[in-house]
Amino acid sequence: MTNREIAGLTEQYSMYIIDRIPSALVRGEGRRVWDADGQEYLDFVAGLAVNGLGHNHPKLTAAICEQAKAILHSSNLYLIEQQARLAQALCEASFADKAFICNSGTEAVEGAIKLARKWARKRLGQPKSGIVTALKSFHGRTLAALAATGQEKFQANFTPMPAGFRYVPNNDLAALEEAIDEGTCAVMLEPIQGESGVYPAEDEYLRGVRALCDDRELLLIYDEVQTGLARTGRMFCYEHSGAVPDVMTLAKGLGGGVPIGAVLATDEAAVFEPSDHGSTFGGNHLACAAALAVLEVIQEEGLVTAAQERGEQLAAGLEAMAADSPIAEVRGKGLMLAFELAVDGAKQVHRACLERGLLVNPIGDRIVRLLPPLTVTEAECEEGLGILREALGEALSAEVS
Ligand SMILES: *Cc1c(COP(=O)(O)O)cnc(C)c1O
């Protein structure tokens with residue numbers, strides 16, 4: 001099928017949830033993807049920080065094929081070796097002692113919210129349910145995760161929201177302190193807010209939040225669905241500040257493209273008991289085999305360091321461009337970057353990039369987010385920067401004329 005045919009079919013039969021770019025990506029290799037009409041792109045979106053290993057990584061592809069031949073799914077009624085090994089690997093790579101494996105980011109967030117409420121009942125002996133989150137946050141689309149998301153526009157059509165959530169501006173410890181009351185059991189933050197435009201929490205703020213949570217007996221939850229798994233140049237973003245959470249959610253990059261999420265917790269916080277929580281698909285053989293391969297490749301290919309180095313290269317390139325382009329600010333860490341324009345033009349920059357064969361992600365009118373695969377090479381970063389420079393030039397001259 002052609003791009004146009006697929007667009008027609010989509011419009012006729014699929015619910016209208018988003019204005020899609022009219023390119024159907026049908027094949028990928030490394031950092032390159034091709035659409036149904038044969039157009040080639042350099043991929044600086046990586047399926048929204050999902051395809052960390054790039055496309056068709058031989059080790060991930062082989063792990064998926066091998067697992068498919070053995071067994072895909074059995075359910076959590078039974079022991080699952082791949083799930084047990086994945087939980088071990090995630091705990092050994094992080095602060096955590098225990099893991100729960102699910103299927104997506106929003107589901108990981110739901111699990112973390114339930115864990116916090118159960119924790120208050122079990123460890124504090126009190127039915128506390130309040131959770132403070134940040135304005136401009138994004139925690140997912142299911143109802144409790146949506147209630148946790150500090151952006152009214154996503155909630156408006158779906159009220160009433162589950163109760164118990166309060167929102168505070170990021171990087172304002174006094175505001176957070178004020179929002180905490182007798183009924184609060186947890187604080188949940190993205191160490192770098194992703195979907196809303198790549199807004200980092202300051203290290204000092206996160207250390208202050210950690211101290212406050214200790215002081216007031218609150219769980220600290222990090223939503224690392226986007227920032228986790230080497231994306232920011234550390235295995236997990238919390239390593240930048242050293243302010244370690246009690247609970248952490250993961251998803252996007254974990255399966256390299258196979259749907260999977262995880263809730264990680266310390267022994268103290270891992271309070272679920274039988275019948276508290278579960279998932280039919282969560283932690284199945286296929287998804288866990290994929291995630292194990294992803295973790296092995298991150299290790300073997302040194303992708304934590306690579307993400308840091310390539311991120312520095314890209315950020316420096318963007319900063320250099322800021323001198324003679326409408327770039328007002330460059331934000332982010334590692335390969336989770338965004339630049340903000342001083343004028344409206346993100347959509348024009350995006351279109352100009354597409355025409356030149358580069359995928360980037362515009363957010364609103366002024367922000368462009370870059371999330372290349374962790375395997376991106378130095379030469380590919382230069383190539384991407386070159387295209388961005390041209391695209392910015394075109395978008396700016398259109399602005400002036
Ligand atoms: C993407 C994202 C989610 C939601 O993940 P889904 O897999 O789309 O449900 C939650 N939290 C953060 C920080 C995210 O970036």
Side-chain angles (χ1 to χ4, degrees), residues 15 17-18 20 45-52 100-116 131-151 153-155 158 161-162 165 167 170 186-201 206 209 220-232 234 236-238 240 245 247-264 279 281-284 287 290-291 294 331-338 361 363-364 367 369-372 374:
M15 289 201 196
I17 56 159
I18 188 170
R20 292 170 192 268
V45 176
L48 292 170
V50 167
N51 304 303
F100 169 76
I101 311 296
C102 55
N103 309 286
S104 67
T106 201
E107 204 185 324
V109 168
E110 296 280 334
I113 292 168
K114 285 178 69 177
L115 199 61
I131 298 178
V132 184
T133 68
L135 290 166
K136 289 191 182 179
S137 58
F138 184 85
H139 297 293
R141 304 283 192 163
T142 53
L143 282 168
L146 193 59
T149 292
Q151 301 190 62
K153 65 176 180 188
F154 291 124
Q155 303 176 349
F158 309 103
M161 285 288 116
F165 295 91
Y167 320 104
N170 229 358
V187 175
M188 179 163 67
L189 298 171
E190 293 161 272
I192 302 176
Q193 294 180 330
E195 297 305 301
S196 64
V198 186
Y199 296 99
L206 293 173
V209 175
L220 178 56
I221 304 168
Y222 285 160
D223 183 351
E224 291 226 30
V225 163
Q226 189 161 158
T227 53
L229 287 317
R231 176 56 50 188
T232 71
R234 297 283 187 278
F236 303 105
C237 194
Y238 72 78
H240 287 285
V247 176
M248 175 169 73
T249 57
L250 299 173
K252 290 190 166 88
L254 183 54
V258 176
I260 186 169
V263 185
L264 306 191
S279 167
F281 290 120
N284 86 5
V294 168
R331 294 191 294 264
K333 291 191 167 95
L335 289 171
M336 182 173 174
L337 294 169
N361 175 230
I363 298 176
I367 300 170
R369 178 170 52 161
L370 306 179
L371 299 163
L374 306 171

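No experiment lies behind these values; they were computed from the predicted model shown. One-based numbering, in listed order, for ligands and for the atoms of each. Values below: every heavy atom of this structure, side chains too, minus hydrogens, waters and symmetry copies.
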Ignoring hydrogens and angles, state whether a donor on the side chain of Thr133 or His139 is under 3.5 Å from an acceptor on the partner side chain.
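No, His139 and Thr133 have no side-chain donor paired with an acceptor closer than 3.5 Å.
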
Check whether any side-chain heavy atom of Ile113 sits under 4.5 Å from a side-chain heavy atom of Phe165, and report yes or no.
yes

Hey, are the side chains of Tyr167 and Lys136 touching, using non-hydrogen atoms and a 4.5 Å cut-off?
no

As a test of understanding, state which of Val132, Leu206, Asp223 forms a side-chain contact (heavy atoms from CB on, under 4.5 Å) with Leu189.
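Going through the options one by one, the only one that passes is Leu206.
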
Write out the protein residues near ligand 1, meaning a non-hydrogen atom under 4.0 Å from one of its atoms, in order of chain and number.
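Contacting ligand 1 under 4.0 Å are Ser104, Gly105, Thr106, Phe138, His139, Gly140, Glu190, Glu195, Asp223, Val225, Gln226, Lys252.
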
Got more than 12 heavy atoms from elsewhere within 6.0 Å of NZ, Lys114?
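Check passes, neighbour count above 12.
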
Can a salt bridge be assigned to the pair Lys153 and Glu195 using a cut-off of 4.0 Å between side-chain N and carboxylate O?
no

